[in-house]
Protein chains: 4
Amino acid sequence: MPRTEEQNEKIKNERKQQILNAAMLLFSKQNPAEVSIAKIAKEAGVSKGLMYSYYESKEHLQKEIVFQCMDEIMSIFQMDKGAFVDAQDFRERIDRLFDHVQNNITTWSIYTQLLMQPSMKEVFMSPKVLEMMEDYQRQLYQYMTNQGFEDPEKEIVIMGALIDGISVQYVSAPEFIDLNVVRNHIKDVYGKEN
Amino acid sequence: MPRTEEQNEKIKNERKQQILNAAMLLFSKQNPAEVSIAKIAKEAGVSKGLMYSYYESKEHLQKEIVFQCMDEIMSIFQMDKGAFVDAQDFRERIDRLFDHVQNNITTWSIYTQLLMQPSMKEVFMSPKVLEMMEDYQRQLYQYMTNQGFEDPEKEIVIMGALIDGISVQYVSAPEFIDLNVVRNHIKDVYGKEN
Amino acid sequence: MPRTEEQNEKIKNERKQQILNAAMLLFSKQNPAEVSIAKIAKEAGVSKGLMYSYYESKEHLQKEIVFQCMDEIMSIFQMDKGAFVDAQDFRERIDRLFDHVQNNITTWSIYTQLLMQPSMKEVFMSPKVLEMMEDYQRQLYQYMTNQGFEDPEKEIVIMGALIDGISVQYVSAPEFIDLNVVRNHIKDVYGKEN
Amino acid sequence: MPRTEEQNEKIKNERKQQILNAAMLLFSKQNPAEVSIAKIAKEAGVSKGLMYSYYESKEHLQKEIVFQCMDEIMSIFQMDKGAFVDAQDFRERIDRLFDHVQNNITTWSIYTQLLMQPSMKEVFMSPKVLEMMEDYQRQLYQYMTNQGFEDPEKEIVIMGALIDGISVQYVSAPEFIDLNVVRNHIKDVYGKEN
DNA sequence: CATGAATGAGAGTTCATTCAT
DNA sequence: CATGAATGAACTCTCATTCAT
């Protein structure tokens with residue numbers, strides 16, 4: 001009784017996720033360039049050969065990881081739900097973001113590490129990502145304007161720098177960094193009820 | 001007749017700098033782990049073998065670069081000159097920092113890239129660096145207090161996140177980022193004359 | 001469909017033996033330290049990389065060879081069969097030993113060469129080898145006493161020196177050395193019927 | 001005031017000996033193939049470059065060492081003094097030999113190690129060495145005949161094997177081997193007064 | 001769909017040797 | 001005569017990738 005197409009698809013997706021998880025775990029502990037395909041395969045519990053049924057090459061695997069991280073991170077702001085409706089919505093999204101950083105340090109660690117690499121610039125500059133960015137900018141601009149800021153663009157830059165800065169510090173040395181200082185600061189400054 | 005001690009010293013220094021420059025150039029364009037000794041040697045115009053007269057191993061070369069970057073960056077704030085005396089001094093130091101980021105993007109790119117790597121944690125946690133950090137914290141704390149901030153520690157965190165965040169963004173995509181927004185914001189907020 | 005465990009095992013054993021044979025052949029013709037992994041791989045008809053699937057390192061390969069030679073040589077005296085029962089048994093064992101030297105000059109050449117190297121002392125001093133040596137001493141002591149020798153320990157030393165000396169000479173220049181002179185001398189002196 | 005030709009010659013010889021001694025010291029502790037020219041130069045207190053004023057290559061240095069060892073060893077028997085005149089003379093020469101082994105374990109260790117190497121066969125087979133060997137054989141044959149041995153050739157083989165065997169054992173593990181057992185045995189058997 | 005033996009290019013590293021000084 | 005910076009070939013070893021099974 002051969003497996004149905006559907007079952008196969010399911011198995012494939014599970015395997016793919018297995019491999020991705022294994023890779024992410026190892027990448028978070030060591031420079032991806034120093035993690036061998038063999039180690040990932042072992043960690044994922046599959047054979048070396050099988051890796052290439054799911055990922056064309058090591059480079060592709062790395063890029064897919066960055067994309068997945070990006071998707072995950074972007075989804076936090078729930079851009080699909082439309083613009084930030086009000087200050088409460090804004091504060092909730094900020095909380096979701098900071099919670100995510102705190103609870104998914106592995107994801108963020110890999111994401112930061114990989115994004116720092118010049119070779120990943122093309123991922124960063126892909127249409128898909130750029131579009132997301134623009135959406136994010138537009139919605140935030142709208143919100144900042146509503147909040148009465150004189151120079152919304154400036155505030156977006158400041159807020160972005162704050163978030164990126166504290167995240168980078170946090171993944172580098174989570175034991176020394178308290179995310180809440182910045183979290184609260186952002187909520188105070190940008191999430192005030194009118 | 002053999003070269004004098006002096007002549008040898010001079011040659012060695014020149015060669016060492018040559019290699020360092022080549023390595024930094026390449027590291028800024030590609031993940032250091034993926035830059036081979038052969039490539040660095042070629043870029044520096046020396047033989048592969050000679051690399052090992054000047055650097056015990058690739059790892060040592062990498063670490064020396066991080067340390068050098070760190071020294072350079074730390075020296076910007078001129079902690080040796082003592083605490084920030086007044087707002088003007090503060091603003092000058094901030095300017096020096098931002099100028100440095102802008103003019104030494106290579107240094108900052110490598111520095112950020114390497115520091116993101118788990119294996120570099122030990123460099124970051126070395127006594128020398130930690131001591132510098134503490135100095136920096138202490139002097140800034142003093143300054144923030146003088147400026148009349150209620151919660152100086154919080155302000156240090158915020159300012160640090162801002163600087164790190166904008167720097168990371170800048171080295172990732174200098175063509176899209178305008179450092180001056182954050183530079184002026186910091187000078188406005190923290191560098192006001194009393 | 002993947003190969004069965006059994007098939008893999010078989011392949012691995014064959015390959016391992018192939019490599020061992022190649023290494024021994026080359027080691028017998030040249031100082032092992034001067035025989036490169038590449039040469040061994042070529043002689044064995046496998047790729048350089050594959051060598052490391054079977055032997056962790058060159059050092060491991062060398063040591064495995066010494067151990068194998070040692071086992072082979074030790075097994076000649078068939079210590080497991082118990083003490084030398086009588087003069088005929090003694091003579092038979094001596095013959096087996098000399099036949100082995102004559103027919104396995106490669107083994108003996110490597111063995112002698114490697115054992116001369118200071119770094120191999122640890123192999124020589126391993127518990128397993130030392131135990132075998134003691135067994136050998138004990139059994140020979142018993143036999144020499146039975147044969148009526150006044151100073152059995154002395155005879156053991158003399159006989160050992162004779163065997164080692166002629167073996168070393170033989171592997172150095174087999175075309176000049178006639179093993180039988182010493183073989184017969186030992187059988188005459190120590191293998192007389194009571 | 002330039003050095004005279006004579007002084008230069010003296011300096012050269014001293015330097016040469018310096019290098020030789022350094023090399024022998026290191027070779028006795030490590031497989032010659034693993035001792036670098038740099039290490040020898042350092043041990044000898046000269047520059048790497050100078051090594052090549054005295055020895056054409058590493059190989060030549062090694063061969064010169066074997067030759068020197070051989071000369072030293074051969075001189076012990078004082079073949080130049082002519083045949084063994086009587087049993088006392090024989091016993092004295094045997095004593096000189098065993099004393100030398102005991103007091104110059106470094107020399108013997110290198111000598112044995114190097115002679116075991118197939119590449120050194122040519123040294124062993126050189127006319128000079130072969131001639132020495134023949135002299136030794138002839139003189140010993142004469143002596144053994146005088147001593148009344150029926151088969152002098154056989155006795156020469158036996159004695160040679162004994163000496164080589166115990167020497168090899170001694171340099172391999174001096175702490176376990178008592179040279180005197182064989183020394184006395186040889187003097188007893190072959191050095192009896194008629 | 002799954003395996004892991006096998007490959008080969010290239011990595012880091014060492015070292016005998018050369019040669020400008 | 002003496003130095004040691006410099007070279008380049010060769011070394012040990014790793015690893016992404018392939019493919020027979």
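Side chains are part of it too, since the values below use all heavy atoms of this structure and drop only hydrogens, waters and symmetry mates. A, B, ... follow the sequence lines: proteins, then strands. Residue 1 opens every chain.
In this structure, C:Lys58 reaches the sugar-phosphate backbone alone: every heavy-atom distance under 4.0 Å involves primed, P, OP1 or OP2 atoms, never a base. Among the heavy atoms of the strands lying under 4.0 Å from A:Ser57 are primed sugar atoms or P, OP1, OP2 only; no base atom is included.
Across E:dA6, F:dA2, F:dC11, the shortest atom-to-atom separation from the side chain of C:Arg15 is found for E:dA6. Relative to the side chain of B:Pro2, the nucleotides F:dT7, F:dT3, E:dT17 differ in distance, and F:dT3 lies closest. Considering only side-chain atoms of B:Ser47, the nucleotide from E:dG4, F:dA5, F:dT7 that sits closest is F:dT7. For C:Leu50, taking side-chain heavy atoms from C-beta onward, the closest of the listed nucleotides F:dT7, F:dT17, E:dT7 is E:dT7.
Look at E:dG8: its Watson-Crick or wobble partner, with both distances under 3.5 angstrom, is F:dC15. In a base pair of the Watson-Crick type (N1 to N3 plus N6-O4 or O6-N4) or a G-U wobble (N1-O2 and O6-N3), with each distance short of 3.5 Å, E:dT21 is matched with F:dA2. Remark: F:dA9 base-pairs with E:dT14. Criterion, Watson-Crick or G-U wobble with two distances under 3.5 Å.
Summarising the geometry, the separation between CD1 on A:Ile40 and P on F:dT14 is reported as 17 Å, rounded to the nearest angstrom. Taking atom NZ of residue A:Lys42 and atom P of nucleotide E:dA2, one finds them 20 Å apart after rounding to whole Å. In this structure, A:Ile19 places its CD1 atom 11 Å from C1' of E:dA2, rounding to the nearest Å. Rounded to a whole Å, the NZ atom of C:Lys12 is 21 Å from the P atom of F:dA20. Nucleotide E:dA11 holds its P atom 13 Å from the CE atom of B:Met51, rounded to whole Å. Here the P atom of nucleotide E:dT14 and the NZ atom of D:Lys48 are 13 Å apart, to the nearest Å. Rounded to an integer number of Å, the gap from CD1 of D:Ile37 to C1' of F:dG8 is 17 Å. Atoms NZ (A:Lys39) and C1' (F:dT14) sit 10 Å apart, rounded to a whole Å.
The residue among B:Glu5 and C:Glu56 whose nearest nucleotide of DNA chain F is located toward the 5' end is B:Glu5. Annotation: of the two residues near DNA chain F, C:Tyr52 and B:Ile11, the 5′-most nearest-nucleotide partner is B:Ile11. Looking at which nucleotide of DNA chain E each of A:Gly49 and B:Glu34 is closest to, the 5′-most match is held by A:Gly49. Heavy-atom nearest nucleotides on DNA chain E were determined for D:Val35 and for B:Arg3, and the one closer to the 5' end corresponds to D:Val35.
Looking at B:Gln113, its side chain does come within 3.5 Å of a backbone N or O of B:Phe27 through a donor-acceptor pair.
Just one of B:Leu20, B:Asn21, B:Leu61 meets the side-chain contact (heavy atoms from CB on, under 4.5 Å) condition when paired with B:Ile40; it is B:Leu61.
Donor-acceptor pairing under 3.5 Å is lacking for the side chains of B:Asn13 and B:Gln17.
One finds a side-chain N or O of C:Tyr54 lying less than 4.0 angstrom from the OP1 or OP2 phosphate oxygen of E:dA6.
Open room surrounds CD on B:Glu56; 12 or fewer heavy atoms of other groups in view lie less than 6.0 Å from it.
Note on D:Glu59 versus D:Lys63: salt bridge recorded, some NZ/NE/NH1/NH2 to OD/OE distance being below 4.0 Å. Ion pairing of B:Lys16 with B:Glu64 is present here, as a side-chain N (NZ or NE/NH1/NH2) and a carboxylate O approach within less than 4.0 Å.
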